[in-house]
Amino acid sequence: MEISVVIPLLNEEESLPELCSWIMKVMDDHGFTYEIILVDDGSTDDSWAVIERLSVRHSSIKGIKFQRNYGKSAALNEGFKSAHGEVVITMDADLQDSPDEIPDLRRMIVEDGYDIVSGWKKKRYDNTFSKNIPSKLFNAVTRRISKIRLHDFNCGLKAYKNKVVKSIEVYGEMHRYIPVLVKWAGFKKIGEKVVEHRPRKYGTTKFGWERFINGFLDLASIMFVGRFGKRPMHFFGLWGTICFVVGLLLTAYLVISKFIDPEYALTNRPAFFLALTLLLLGSQLFLAGFTGELIARNSPERNYYLIEKKIGI
Ligand code: UDP
Ligand code: MG
């Protein structure tokens, strides 16, 4: 099978028939072998009934329904697990992404050898203040921290080599950072394609203001887990040592001062409180480091690695 299209959806009953016929038209025009995996993330409208109807009529349309709403990341993750296509394409269900981009995205994966190609909604049809401006800021920060040169990390329209989606786990709200997850999994060819974006035709957006706070917290954890997830002591131990040593030096200074001048009022000095705080903080950081190491060592993924090639085995 050449292409799997994975579509996470929450209450998108009006869009689904139109979206599926459009995708099928593009696939048939190009003669691709394909499947469309619709992941219903706990819709409360008639989305699932629509999916059932569509899948009866077209064998290439498959559906997965969650018991409740788990979030876009979970829906993508589940879709990735079932994807058989050599190239996996993700897109939103609300008709904001155009299926006409599929052939070019596929070509970039198959012919240009990209591991992942992320869409770039260069001209965006969303609310300027609640979406477009915050999104520019979000992308600038993510670009700086992750050192991945993309303009639009969170674009729903993306293409992957099958191997890539099988190597990453998208959890929590990490769908915003899939290119970062892909990079951490060791894939280097990360590309971008300007894609057509359209106004939402039916329904409403599923993401509100809370996504900014959650988004930045997730970026902080993803960078931390990526760098220190398997060696937490290298982070906590470093800062713990710095705090402890500075605290110790200050203590030594205070003790020596007291010896030289018995009148020296120890507990009146800022240095005294600073030393105390630093010593406590230092040991706390060490404890956090040890606890982190214990958790990392007991994690089922402690020895998880991807083998790219083998010879003679
Ligand atoms: N979505 C989902 N689960 C959720 C929220 C959203 O599967 O909990 C889907 C939604 O149905 C759509 C895609 O994720 O297909 C993008 O959501 P939306 O269009 O609301 O986001 P926006 O384009 O406004 O950023
Ligand atoms: Mg949308």
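Start at 1 and go down the list; that is how both ligands and their atoms are numbered. Please read these numbers as outputs of a predicted model, since none were measured by experiment. Computation of the quantities below employed the complete heavy-atom set of this structure, encompassing side-chain atoms and omitting hydrogens, waters and symmetry-equivalent molecules.
Between I23 and M91, some side-chain heavy-atom pair lies under the 4.5 Å cut-off. Looking at heavy atoms from C-beta onward, D40 lies in side-chain contact with I51 at the 4.5 angstrom threshold. M233 places none of its side-chain heavy atoms less than 4.5 Å from the side chain of F228.
At a heavy-atom distance under 4.0 Å, no atom of D126 approaches ligand 1. Contacts of D41 with ligand 1, taken as heavy-atom pairs under 4.0 Å, involve the side chain alone. Contact annotation: for K206 versus ligand 1, heavy atoms closer than 4.0 Å belong to both the backbone and the side chain.
Counting only heavy atoms of the protein, atom 21 (O) of ligand 1 lies nearest to F207 CD1, 3.4 Å. When hydrogens are left out, the protein atom nearest atom 25 (O) of ligand 1 is K131 NZ, 3.1 Å; that is the closest non-hydrogen contact. The protein heavy atom nearest to atom 23 (O) of ligand 1 is Q96 OE1, 3.0 Å. For atom 7 (O) of ligand 1, the closest heavy atom belonging to the protein is L9 N, 3.2 Å. Of all protein heavy atoms, the one closest to atom 9 (C) of ligand 1 is P8 O, 3.7 Å. Here the heavy atom of the protein found nearest to atom 1 (N) of ligand 1 is L10 CB, 4.0 Å. For atom 11 (O) of ligand 1, the closest non-hydrogen atom of the protein is E12 OE2, 2.6 Å. Looking from atom 14 (O) of ligand 1 to the surrounding protein, the closest heavy atom is K72 CD, 3.4 Å.
Salt bridge status for K230 with E293: absent, with no side-chain N to carboxylate O gap under 4.0 Å. A salt bridge is defined here as a Lys NZ or Arg NE, NH1 or NH2 lying under 4.0 Å from an Asp or Glu carboxylate O, and E18 with K201 meets this definition.
The N/O atoms of T204, backbone and side chain alike, include none that comes under 3.5 Å of an N/O atom in ligand 1. Polar contact check, T205 against ligand 1: a nitrogen or oxygen pair lies under 3.5 Å apart.
Heavy atoms only, all atoms of each residue included: S98 and L157 are closest at O-CD2, 4.2 Å.
A perpendicular orientation is assigned to the rings of F224 and F235, their planes being inclined by more than 60° (bins at 30° and 60°). Between F138 and F153, the ring planes are perpendicular. Angles over 60° get that label, and only those under 30° would be called parallel. Between Y160 and F80, the ring-plane angle classifies as perpendicular under the 30° and 60° cut-offs. Taking the six-membered ring where tryptophan is involved, the planes of F66 and Y70 are perpendicular, since the angle between them exceeds 60° and thus also 30°.
Ring to ring, Y114 and F187 are not that close: their centroids are 6.0 angstrom or more apart.
Using a cut-off of 2.8 Å, one finds that D94 contributes an N/O/S atom close to the Mg ion (ligand 2). Within the 2.8 Å limit, T205 places no N, O or S atom next to the Mg ion (ligand 2).
Judged by the shortest distance from any of its heavy atoms, M91 lies outside the 4.0 Å radius around the atoms of ligand 1. For G71, the closest heavy-atom approach to ligand 1 falls below 4.0 Å.
Under a 4.0 Å criterion applied to the non-hydrogen atoms of R200, ligand 1 contributes the atoms 18 (P), 19 (O), 20 (O).
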